[in-house]
2 protein chains.
Amino acid sequence: MQPDPLSSTFAALADPTRRAILARLALGETSVMELAKPFDMSLPAISKHLKVLEHAGLISRGREAQWRPCRIAPVAFREVDGWLGNFRRFWDESFNRLDGLLEEMKAEEAAKVTAKASPRKKSKVRVTKEKQRGRTRG
Amino acid sequence: MQPDPLSSTFAALADPTRRAILARLALGETSVMELAKPFDMSLPAISKHLKVLEHAGLISRGREAQWRPCRIAPVAFREVDGWLGNFRRFWDESFNRLDGLLEEMKAEEAAKVTAKASPRKKSKVRVTKEKQRGRTRG
DNA sequence: TCCGTATTTTCCGTATCGGTTAAATAACCT
DNA sequence: AGGTTATTTAACCGATACGGAAAATACGGA
């Protein structure tokens, strides 16, 4: 059984120890020993957590002698953010304001084009609500 | 056994069925039966998924006769986004550009302030830092 | 009141998770 | 080679997660 990437990523994030590890890594690349220090937990436990994080695409690991330095990997974070974007309108005020602005601009542009094609004026906001779902920003 | 809210939320999101339910709810409030339809799964199973989502703060439920309409709840989403914000710089290009701009503005402001030798007014630019979550991205 | 629809609860089997200890592997240093 | 340090694997254990089936609950209506 192999869960989809997004599920593995969310599952990986659903553990405070792992999130703490990521927080530490946000400060910069470091070793397993170093990462383990703050926790009252065996080294193998940490090792497993790192494996989970790596498999989830949240970190990547290099090799330097006997150390395997860990660092944040962008991929999974980006995916999570992308997924979350589908729901942003439910809580982000400025998102809504901005979205309104974009729609306005779009409508204006459309008005210009149709004005050139045929001198008939169009009502402004029509494209709005459904459009925002698939948006990736930009 | 009371995991922190963020852990419950991520755990709730780590299931494709539950994410599909949320996607459906993004289209609008609806009943359990309605939500269950697309899935090859028993009704009790869906009911349990909804319980998890509710407990995670991702949905809320009303009462209308024998129906319990579900809808997206902003709280948990906001928390997730907030947490994710700590890592945004690792993958969001425009975030970095904007961040640079803010630093610049901050420096400029600081310069002005010290020129006037007025030690007050500390956080003018600080607020903007929070604002950028709704940013345009280009 | 009894009926039908909507939803939840209870109980159960199986799988996975997060942790432990002990042993294994890997790479450096004499 | 032998020793030290860093990290992983293996075997095991208790707790929890996900699914199903059957029964319980909640509500509206004839």
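The structure displayed is predicted, hence computed values, not measured ones. Atoms considered below: every heavy atom in the structure, side chains included; atoms not considered: hydrogens, waters and symmetry mates. Below, chains carry the letters A, B, ... as their sequence lines are ordered, and counting in each starts from 1.
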Rounded to the Å, how far apart are [X] [atom1] and [N] [atom2]?
X: B:Met33; N: C:dT5; atom1: CE; atom2: C1'; value: 7 Å
X: A:Phe39; N: C:dG19; atom1: CZ; atom2: C1'; value: 14 Å
X: A:Leu53; N: D:dT8; atom1: CG; atom2: P; value: 12 Å
X: B:Leu35; N: C:dT8; atom1: CG; atom2: P; value: 10 Å
X: A:Arg61; N: D:dA6; atom1: CZ; atom2: P; value: 16 Å
X: A:His55; N: C:dG18; atom1: NE2; atom2: C1'; value: 17 Å
X: B:Met41; N: D:dA21; atom1: CE; atom2: P; value: 12 Å
X: A:Trp67; N: C:dC28; atom1: CH2; atom2: C1'; value: 7 Å

message = Applying a 4.0 Å non-hydrogen cut-off, can you work out what B:Lys48 is touching in the nucleic acid: base, sugar-phosphate, or nothing?
response =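 Here B:Lys48 touches the bases of the nucleic acid.
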ask   = For B:Ile46, which contact category applies under a 4.0 Å heavy-atom criterion: base, sugar-phosphate, or nothing?
value =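 Result for B:Ile46 = nothing.
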ask   = Is there a Watson-Crick or G-U wobble partner for D:dA30 with both distances under 3.5 Å, and which nucleotide is it?
value =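 Its partner is C:dT1.
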Quick one: which of [options] gets closest to the side chain of [X]?
X: B:Asp15; options: C:dA6, C:dT20, D:dC18; value: D:dC18
X: A:Arg68; options: D:dG20, D:dT8, C:dG18; value: D:dT8
X: B:His49; options: D:dT9, D:dT7, D:dC18; value: D:dC18
X: B:Leu43; options: C:dT8, C:dG4, D:dT8; value: C:dT8

request  = Could you tell me whether B:Trp83 and B:Phe87 have their ring centroids closer than 6.0 angstrom?
outcome  =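 Ring-ring flag for B:Trp83/B:Phe87: true, centres closer than 6.0 Å.
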key: Straight-line distance of A:Ile59 CD1 to A:Lys51 NZ, nearest 0.5 Å   =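 Here the interatomic distance stands at 12.0 Å.
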Distance-only donor-acceptor check, side chains B:Arg68 and B:Ser31, under 3.5 Å =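 B:Arg68 vs B:Ser31: no donor-acceptor pair found between side chains.
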query = Would you say the side-chain atoms of A:Ser7 and B:Arg19 include a donor-acceptor pair closer than 3.5 Å?
reply =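 Looking only at side-chain atoms, B:Arg19 and A:Ser7 do form a donor-acceptor pair, the distance falling under 3.5 Å.
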ask   = Which comes earlier along DNA chain C counting from the 5' end, the contact point of A:Arg63 or that of B:Ser47, where each point is its nearest nucleotide?
value =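 Here B:Ser47 is the residue nearer the 5' end.
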ask   = A:Pro44 or A:Ala65: which one's nearest nucleotide on DNA chain C is closer to the 5' end?
value =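 By nearest-heavy-atom nucleotide position, the 5'-most residue is A:Pro44.
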key: Sidechain-backbone polar pair: A:Arg89 side chain, B:Ala26 backbone, donor-acceptor under 3.5 Å   =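 Yes; judged by distance alone, with no hydrogens or angles, the pair exists.
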